[in-house]
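Please read the structure below before turning to the comments.
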Amino acid sequence: MGMDREDTHELGRWEKRKEELRAELVDRRRLTHDTFPDGKFVELEPAVWFPAATWGGLKYHERQWLRVEAAAMVSNAAVLVGRSAARKLGMWVISRGEEPVEVALPSRSVSQSRAQSGRYTFRFSKLRRDEQLIYEGHCITTPTRSFIDIARYHGFIEGLIAADYLLRRGIERDAIENEIRKMGRAKGIGWLGSVWNRRSGRWAGRAKGIGQRVVDRGWDRAGGRPSQDRALLR
């Protein structure tokens, strides 16, 4: 299965946009008294700020990507997982509420400041080495493991859209099913099985292309609401 040409064009535009957003991030750790910029800023992390004047005009998915990028910039040992890894990878993400940054911590130790910030959700499930990769200088889960965790933790609709993305990007069904089997009896495996069975079984004809319909309606990476999600299944 090849990549959609339209999707290739969209990914190219998003890569360019990411560079524009990244260029406006202010890393306070690299500044001195003489180089600190003027103006008001939104604090994404204590050490990473973004100009408030620009922030107000950003789209939802751009803000969410910046929050993930800022978290990655200040994280040494953490691994971005779930929705946050998906946002780094450019996968379709439809969140139906608040979206804190999702990270896995190999040490299972969380600093008090991070735990109390409200900016993070911590996942403590184990990650194999082959489920992780370095992308844009940061450690994240692979596209398939990101889909798996989205389905496990965020339910049917979000998992279905992530699965549709994987298949459209050319990842083979057998490879995805093999990774699902390796999860064994992990937490949330019931949701994952439901998503994949629907995407691959008798319901596949109805489910196929839901992710693309999301993109066509302008909801890719943009935070759908439950009523919108239900409309996709009609």
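Values below: every heavy atom of this structure, side chains too, minus hydrogens, waters and symmetry copies. Being a predicted model, the structure only gives us computed values, none of them experimental.
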In plain terms, say whether [X] and [Y] are close enough for a salt bridge, that is, a side-chain N and a carboxylate O under 4.0 Å apart.
{"X": "E177", "Y": "K182", "answer": "no"}
{"X": "E45", "Y": "R67", "answer": "no"}
{"X": "E19", "Y": "R22", "answer": "yes"}

task = Apply the test side-chain contact (heavy atoms from CB on, under 4.5 Å) to residues M73 and L25: give CA-CA distance (whole Å), side-chain angles for both, the deciding distance (0.1 Å), then the verdict.
result = CA-CA 10 Å; M73 289 171 62; L25 286 168; 3.8 Å; yes
key: R29, CZ atom: more than 12 neighbouring heavy atoms under 6.0 Å   =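 Buried by this count: over 12 neighbours within 6.0 Å.
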For the residue pair [X] and [Y], what are the closest heavy atoms and their distance?
{"X": "P100", "Y": "S84", "answer": "O-OG, 4.1 Å"}
{"X": "E136", "Y": "E69", "answer": "OE1-OE1, 4.4 Å"}
{"X": "P46", "Y": "R119", "answer": "CD-NH2, 3.2 Å"}
{"X": "G90", "Y": "Y165", "answer": "O-CE1, 3.8 Å"}
{"X": "Y120", "Y": "A71", "answer": "OH-CB, 3.5 Å"}

Nearest 0.5 Å please: distance from the [atom1] atom of [X] over to the [atom2] atom of [Y].
{"X": "N178", "Y": "M183", "atom1": "CG", "atom2": "CE", "result": "12.5 Å"}
{"X": "F50", "Y": "L58", "atom1": "CZ", "atom2": "CG", "result": "5.0 Å"}
{"X": "R123", "Y": "E102", "atom1": "CZ", "atom2": "CD", "result": "4.5 Å"}
{"X": "E158", "Y": "D149", "atom1": "CD", "atom2": "CG", "result": "12.5 Å"}
{"X": "L166", "Y": "M91", "atom1": "CG", "atom2": "CE", "result": "4.5 Å"}
{"X": "R181", "Y": "I176", "atom1": "CZ", "atom2": "CD1", "result": "11.5 Å"}

query = When you look at E62 and K59, which way does the salt bridge (Lys or Arg N to Asp or Glu O under 4.0 Å) test go after all the steps?
reply = CA-CA 5 Å; E62 293 172 334; K59 297 177 181 178; 5.6 Å; no
Mind checking whether [X] and [Y] have side chains closer than 4.5 Å, heavy atoms only?
{"X": "L105", "Y": "F122", "result": "yes"}
{"X": "V26", "Y": "L31", "result": "yes"}
{"X": "V42", "Y": "P51", "result": "no"}
{"X": "L133", "Y": "P143", "result": "yes"}
{"X": "H61", "Y": "R17", "result": "no"}
{"X": "R152", "Y": "S125", "result": "yes"}
{"X": "I150", "Y": "I161", "result": "no"}

query = So, the side chain of Q132 versus the backbone of R128: is there a donor-acceptor pair under 3.5 Å, distance only?
reply =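 The answer is yes, because a donor-acceptor pair under 3.5 Å joins these two groups.
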ask   = With a cut-off of under 6.0 Å to the ring centre and 45° to the axis, is R28 in cation-pi contact with F36?
value = no
Answer yes if [X] and [Y] sit in the same cluster of Ile, Leu, Val, Met, Phe, Trp and Tyr residues linked by side chain heavy atoms under 4.5 Å apart, and no otherwise.
{"X": "V48", "Y": "W55", "result": "yes"}
{"X": "V103", "Y": "W65", "result": "yes"}
{"X": "V79", "Y": "I148", "result": "no"}
{"X": "V68", "Y": "L66", "result": "yes"}
{"X": "I171", "Y": "V81", "result": "no"}

request  = Evaluate the criterion side-chain hydrogen bond (donor to acceptor under 3.5 Å, both in side chains) for residue pair E24 and T54; output intermediate values, then yes/no.
outcome  = CA-CA 9 Å; E24 294 202 61; T54 305; 3.2 Å; yes
key: Positive for side chain to side chain contact (heavy atoms under 4.5 Å, CB included) with L80, one of T141, L89, V101   = V101
query = Any chance the side chains of T142 and E131 put a donor and an acceptor closer than 3.5 Å?
reply = no
